[in-house]
Amino acid sequence: MTLEYIEEVLKSTKINHPDEPEFLQAVKEVITTIEPAVKENEEKYKKTALLERLVEPERIISFRVPWVDDKGQVQVNRGYRVQFNGTIGPYKGGLRFHPTVNQSIMKFLAFEQVFKNALTGLPIGGGKGGSDFNPKDKSDNEIMSFCQSFMNELQKHIGQDIDVPAGDIGVGAREIGFLFGQFRRIRNSYEAGVLTGKGLEYGGSLVRKEATGYGLMYFMREMLKANNISIQGKTVIISGSGNVAIYAAEKASQMGAKVIAMSDSNGCIYDENGINLDVIKRIKEVERGRIKDYLLTCPDAKYYENNAGYQAIYNIKADIILPCATQNDINLECAKRIVEQGTIAIGEGANMPCNIEAVNYFLEKGILLAPGKAANAGGVATSALEMSQNSMRYFWSFEEVDSKLENIMINIFNMCNEAAQKYNCPKNYVAGANLAAFRKVADGMLAQGII
Ligand code: NDP
Ligand code: 2IT
């Protein structure tokens, strides 16, 4: 009977959104794993259309973003903000600037964010936004022009008690700075808590930059520990070389593991002696260059180019794999290669980097899988700590924020682990995360009535 209700909701979601594959994938992954929790309260959920409301965003805003490039030519992009579920707090989630951005991707990310934010235990609802703007090869002036135009519209819909955006792919401290400046100018008011990921000189939090990657490794350490495995001496490969990838690599090394490969969308570098992270930071954070440039400083390393639909990095053997680039990076074929090579654990730094077939294959083969909505929650959790500090008009030290982040990640792992055990799917942290988060969001929605 319960399955029938879930199937019905899945079917109607498919009918209502036939052209939103990423959103459907995210919905399917969550609602097919929460059956035991739905069963506990089935009548109430059905009567109040709880699942139907859960998969429908509270609001989607989409808008035109005109801006002028350096040649004086007007360009037009499309902006989005999806305010998915505000039960637990103001909508919270990043902004993605990437040419692939569309409504399906925005909705999948916002949907995931609802559950992720619930797992943090902090008072934040779920949202996401962004644009199909491509920041690559744009001058600082063009980035500023775009960010200002984007904020001219976005500012109507955000606020520290309404919706609090932050960074994601293509949006880092530079973009947040331009966005915050424009918000402040339009409002003539210093509302520091309206955006997170701000620079340290104007209301940002220590550790926010490092938080997603560090948090991923805190989660990974807990997951391995619960399975009597030590992280010391393990080899690690990390897809991506952006914000999440860099600080996952930093923490992995601090924990005594060896990061041997990293990538960008063109290809990957392999350095058997361990990647020199200072070189990666210079190339990616300062020069905004390509990962191939690593060989200019470290000529003994190797570079492998990606082919269409084929990620070279997953050919490299490692104990731990951290996909920290983008969604659907790992499909079934790739998952088979990974399992064959003897990998012990996967930690999703990105959102939905493993597709459903890959996730199921890993679980079937007994690979430990840290699901993104739990394992990468350290970023948004530290964003919430940034909001707390802004409200207090005060700053915590690096050690203070880092220790709060660590405790939050330990808590999240424990919640996933306990839910997996309670609902008879031990070691399935994917189901554990979905079950624990669903319980929290669903209880809140029931308490707040039909809205
Ligand atoms: P960045 O923009 O800093 O880095 C993205 C990295 O992924 C780059 O190395 C990029 O390479 C690579 N990449 C490879 N293929 C693609 C592709 N098709 N589309 C986009 N990027 C690609 O982003 P983040 O590190 O912030 O984000 C990485 C992932 O982590 C995303 O899935 C994001 O949603 C998730 N995440 C981010 C959080 C944060 O706090 N920033 C928090 C939680 C999750 P290239 O330069 O060649 O494009
Ligand atoms: O996917 C994510 O959790 C983020 N991009 C971070 C969101 C945030 O509000 O810090």
Side-chain angles (χ1 to χ4, degrees), residues 2-3 6 25-42 45 51 54 88 111-122 126 215-231 320-323 330 335 338-339 343-378 380-381 406-444:
T2 313
L3 246 181
I6 287 173
Q25 181 184 336
V27 168
K28 187 174 171 194
E29 194 227 82
V30 169
I31 74 169
T32 54
T33 54
I34 57 175
E35 192 196 355
V38 173
K39 214 176 237 166
E40 288 175 342
N41 234 337
E42 185 169 1
Y45 290 159
L51 292 184
L54 193 69
I88 295 180
F111 182 74
E112 287 285 291
Q113 200 82 42
V114 173
F115 300 96
K116 181 194 304 192
N117 293 4
L119 288 173
T120 66
L122 299 166
L216 173 64
M217 288 310 300
Y218 293 141
F219 189 104
M220 175 60 69
R221 184 196 60 200
E222 292 307 299
M223 181 174 79
L224 293 179
K225 211 191 320 169
N227 290 278
N228 300 315
I229 303 169
S230 155
I231 215 157
I320 296 171
I321 294 185
L322 306 175
I330 300 181
I338 289 171
V339 170
T343 293
I344 305 166
I346 315 274
E348 294 187 329
N351 288 304
M352 212 167 74
C354 303
N355 75 11
I356 294 183
E357 292 75 34
V359 167
N360 291 338
Y361 189 73
F362 286 137
L363 294 174
E364 199 185 297
K365 295 291 172 188
I367 310 291
L368 298 172
L369 180 56
K373 66 171 73 64
N376 72 34
V380 75
E406 187 170 2
N407 284 330
I408 290 168
M409 297 313 297
I410 293 171
N411 252 331
I412 294 177
F413 174 74
N414 289 339
M415 282 164 75
C416 298
N417 196 22
E418 280 157 23
Q421 282 169 7
K422 176 176 171 204
Y423 291 108
N424 287 325
C425 46
K427 296 190 198 292
N428 181 345
Y429 307 112
V430 177
N434 290 338
L435 285 157
F438 169 75
R439 285 288 310 270
K440 202 167 166 201
V441 178
D443 286 352

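The chain is numbered in sequence order, starting from 1. Keep in mind that the numbers below use all heavy atoms, side chains included, and drop hydrogens, waters and symmetry copies. These numbers were taken from a predicted model, which means no experiment stands behind them.
Proximity of L122 to V380: side-chain heavy atoms (C-beta onward) are nowhere separated by under 4.5 Å. Put simply, the side chain of M415 does not reach to within 4.5 Å of the side chain of R439, judged on heavy atoms. Put simply, the side chain of C354 reaches to within 4.5 Å of the side chain of V359, judged on heavy atoms. Contact annotation: the side chain of L54 approaches that of F438 to within less than 4.5 Å [non-hydrogen atoms, C-beta and beyond]. A heavy-atom distance below 4.5 Å is found between the side chains of L368 and I229. Considering only heavy atoms from C-beta on, L435 stays 4.5 Å or farther from T33 through its side chain.
The two atoms that bring T120 and A381 nearest to each other are CG2-CB, 3.9 Å, heavy atoms only. Of all heavy-atom pairs spanning M409 and A375, the tightest one is CE-O, 3.6 Å. Across all non-hydrogen atoms, the minimal contact from K373 to V30 is NZ-CG2, 3.8 Å. Residues I356 and E29 come closest through the heavy atom pair CD1-N, 4.0 Å. Closest non-hydrogen pair, I412 versus A374, comes out as CG2-CB, 3.7 Å. Taking both residues in full, the closest heavy atoms of T343 and I367 are given as O-CD1, 3.3 Å, listed atom of the first, atom of the second, then distance.
Note that CG of L369 and OH of Y361 are 14.0 Å apart. Values are rounded to the nearest 0.5 Å. Residue I338 holds its CD1 atom at 4.0 Å from CD1 of I321, rounded to the nearest 0.5 Å. In this structure, CG in N428 is found 8.5 Å from CG in N434, a value given to the nearest 0.5 Å. We find the CD1-CG distance between I344 and L224 to be 7.0 Å, quoted to the nearest 0.5 Å. Note that CG of N411 and CD1 of I408 are 8.0 Å apart. Values are rounded to the nearest 0.5 Å.
The main-chain N or O of M223 is found under 3.5 Å from a side-chain atom of N227 such that the two form a donor-acceptor pair. In this structure, the side chain of K440 engages the main chain of A118 through a donor-acceptor pair within 3.5 Å.
Looking at N117 and Q113, their side chains do bring a donor and an acceptor atom within 3.5 Å of each other. In this structure, a donor-acceptor pair under 3.5 Å is absent between the side chains of N355 and Q25.
Remark: of the listed residues E348, K116, E112, K116 is the sole one forming a side chain to side chain donor-acceptor pair (under 3.5 Å) with N376. Each of F413, Y423, F362, F219 was scored for a ring pair (Phe, Tyr, Trp, His ring centres under 6.0 Å) with Y429, with one residue passing: F413.
Taking the charged nitrogens against the carboxylate oxygens, E222 and K225 do have a contact shorter than 4.0 Å, which makes a salt bridge.
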>> Under the criterion side-chain contact (heavy atoms from CB on, under 4.5 Å), I'd like the reasoning laid out for I320 against I231: C-alpha separation, chi angles, the key distance, then a yes or no.
In response: CA-CA 9 Å; I320 296 171; I231 215 157; 4.1 Å; yes

